[in-house]
Amino acid sequence: MSIRSQDRQPDERGNSNNVAVLENMLSVDADEEDYEEGGMAAWLTVLGAWCALLPPMGILNTHAVLQAWVMEHQLQGLPESQVGWIFSCFSFFIYFCGAQVGPIFDAHDIRFLTIPGSIGIVLCLIFTSLSTEYYQFLLAFGVLGGISSSLLFYPALAAIGHWFHKRRAFTTGLACTAGGLGGIVFPTIVLQLAPRIGFGWTLRVIAFISIGLLIVANPTPRKRLPNNKRGGSLFDFASLKELHFGITTIAVWLIEFAVFVPYTYIVSYALQNGFPMERAYVLNALLNAGAVPGRALPGYVADRFGSFNTMCITSLVCAASIWTLWLTAGDDQVRITAFAVLFGFWSGAAISLTPVCISRVCRIEDYGKRNGTAFCVSSIGVLIGVPVAGAIVDASGGDYTGLVVFAGAIYTAAFIAFVVARGVVGGWKFGLV
């Protein structure tokens, strides 16, 4: 949605019909013709983003397997809610650091962020492989891993926004399929290698794979727009006062609050309900297998029917699948397996389309800063969601019904929030929003 120069006629009081305010609320990109929408540099940026996203997002999507493993071995005997803080901290720092990483991306070359992020994510895996105590896991995995992942996540997504407009949702989703693929490969590696060579060496194998991907990830992505020095390295929380951006941020907060609960607890839920260990771990891979097409295809649809429209549909289906499949599954292996695949597919949009929705309510030259601000706000939900869900399980004596109801309620609220955001941003009539 663009505001053209002919729309900037002052009214009789010398004002410009609130255009200055609207320009901060809506995407006032340069003319669409300025976007490459393809070409060598643009597609190399997508490739580089894909390689940059696979290690951090793959690790993020392996949380269910990692949490179940350390609770059975290194951190055996600790409450589920306490162990959950390790993994929620990883997610929290990815999102929280966005408020600073985004403006740095706008102001500097992309490698200013991706090189230290690459080094940090490899060190995270190595230090975690050597950890035996709770605080070591928390610092090595939760803190170092989360911060390093943030340095890769935001630049990768924001760089794609520089090159694509009409196909931004599809290309962003295409890059985000890396996380789903990593969520298949990394849990499989843990499941197959950890019993044979040990948990430590298994994480080092993942580190070696990450090094190969990050060697490709650093030289290939490029920014199309010049560095925006005036954006500085400041937090942009004042932008939350803008109605369009503020309501979109609330919707993103709710969807990110909800999405990590099933991803983190699906394996523990299965083990509690009598699944064989290998079958329980496979659920995480199936969930991420569904997420691979679930991140690309909704993007393709969103480019044609609107990002907000698509997010409303995907969040509704996710909420419905929790209420109808997960809540009633119990120890029914067929039903919980069906839920894992279905939820994996439809929840993929929570990662791939939320940045696109944010890009529709800001100027593209401020995309890094606005994207980082929105996800920084969302970090609070990400931080508390997993431990709160774990505390619900602990308070229920190990029963997961309350956790499932909690996840369903938050996803329902996210659906309502995206409906409201869609109406505020694009009006209440049917259309491309």
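Owing to the predicted nature of the structure, the values given are computational and were not obtained by experimental measurement.
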Legend entry - Full working for side chain to side chain contact (heavy atoms under 4.5 Å, CB included) between F208 and V122: CA-CA 8 Å; F208 294 141; V122 173; over 6 Å; no
N/O donor-acceptor pairs under 3.5 Å from side chains in residues 342-350, not counting sequence neighbours:
unit_1	atom_1	unit_2	atom_2	d
S347	OG	Y263	OH	3.0
S347	OG	F343	O	2.7
S347	OG	G344	O	3.4

Under 3.5 Å, side chain of [X] to main-chain N/O of [Y], donor-acceptor pair present?
X: K241; Y: G246; result: no
X: Y411; Y: I322; result: no
X: T264; Y: V261; result: no
X: S150; Y: G146; result: no

Inset, instruction - Would you please test I206 and I189 for side chain to side chain contact (heavy atoms under 4.5 Å, CB included) and show each step? - result: CA-CA 8 Å; I206 295 175; I189 290 174; 4.1 Å; yes
Legend entry - Ring-face cation contact, F308 with R360, 6.0 Å cut, 45° max: no
Inset, instruction - Report yes or no: is the cationic atom of R422 (NZ for Lys, CZ for Arg) closer than 6.0 Å to the six-membered ring centre of F418, at no more than 45° off its axis? - result: no
Measure the [atom1]-[atom2] distance between [X] and [Y] for me, rounded to the nearest 0.5 Å.
X: W326; Y: F339; atom1: CH2; atom2: CZ; value: 5.0 Å
X: I416; Y: C312; atom1: CD1; atom2: SG; value: 11.0 Å
X: M311; Y: F415; atom1: CE; atom2: CZ; value: 11.5 Å
X: S359; Y: L157; atom1: OG; atom2: CG; value: 10.5 Å
X: I86; Y: M71; atom1: CD1; atom2: CE; value: 10.0 Å
X: L325; Y: R335; atom1: CG; atom2: CZ; value: 6.0 Å

With sequence neighbours left out, what residues match [X] under side chain to side chain contact (heavy atoms under 4.5 Å, CB included)?
X: I250; value: I247, L254
X: Q333; value: F275, P276, R279
X: L151; value: V101, L113, P116
X: A338; value: none

Got [X] and [Y] here, is their nearest side-chain heavy-atom distance under 4.5 Å?
X: T220; Y: T45; answer: no
X: L44; Y: R222; answer: no
X: F105; Y: Y154; answer: no
X: I336; Y: I266; answer: yes
X: F199; Y: V70; answer: yes
X: C89; Y: L138; answer: yes

Heavy-atom pair with the smallest gap, counting every atom of [X] and [Y]:
X: L125; Y: A207; value: CD1-CA, 3.6 Å
X: A302; Y: L353; value: CB-CD2, 3.9 Å
X: S118; Y: L152; value: OG-CD2, 3.7 Å
X: A175; Y: I160; value: CB-CD1, 3.5 Å
X: A280; Y: A270; value: CB-CB, 3.8 Å
X: P187; Y: G183; value: CG-O, 2.8 Å

Legend entry - Proximity of W85 and F90 rings by center, below 6.0 Å: no
Legend entry - Aromatic contact, F141 with F137 (centres under 6.0 Å): no
For residues 48-67, run the donor-acceptor check on the side chains, cut-off 3.5 Å, and write out each pair with its distance to 0.1 Å, sequence neighbours left out.
unit_1	atom_1	unit_2	atom_2	d
W50	NE1	T177	OG1	3.2
N61	ND2	M57	O	3.2
N61	ND2	G179	O	2.9
N61	ND2	N288	OD1	3.4
T62	OG1	G58	O	2.5

Inset, instruction - Sort and list the pairs that fulfil side-chain hydrogen bond (donor to acceptor under 3.5 Å, both in side chains) and have at least one residue in residues 314-325, not counting sequence neighbours. - result: W323-T412
Inset, instruction - Write out all pairs satisfying side-chain hydrogen bond (donor to acceptor under 3.5 Å, both in side chains) with one or both partners inside residues 186-207, taking only residues at least two apart or from two chains. - result: S129-R204
Inset, instruction - Assign the ring pair W69 / Y281 to parallel, tilted or perpendicular, where the plane angle (0 to 90°) is split at 30° and 60°. - result: tilted
Acceptor/donor pairs from residues 376-386 side chains to any protein atom, 3.5 angstrom cut, sequence neighbours excluded:
unit_1	atom_1	unit_2	atom_2	d
S378	OG	A374	O	3.0
S379	OG	C376	O	2.4

Legend entry - Pairing residues for Y269 by the side-chain hydrogen bond (donor to acceptor under 3.5 Å, both in side chains) criterion, not counting sequence neighbours: none
Legend entry - With sequence neighbours excluded, residues passing ring-ring contact (aromatic ring centres under 6.0 Å, His included) with W253: F257
Inset, instruction - Walk me through it: do R370 and E242 pass the test side chain to side chain contact (heavy atoms under 4.5 Å, CB included)? - result: CA-CA 12 Å; R370 293 298 182 90; E242 300 169 7; 3.2 Å; yes
Legend entry - Worked verdict on F245 versus T249 for side chain to side chain contact (heavy atoms under 4.5 Å, CB included): CA-CA 6 Å; F245 181 68; T249 299; 3.8 Å; yes
Legend entry - Qualifying salt bridge (charged side-chain N to carboxylate O under 4.0 Å, His left out) pairs, either residue in residues 108-123, two or more places apart: D109-R111
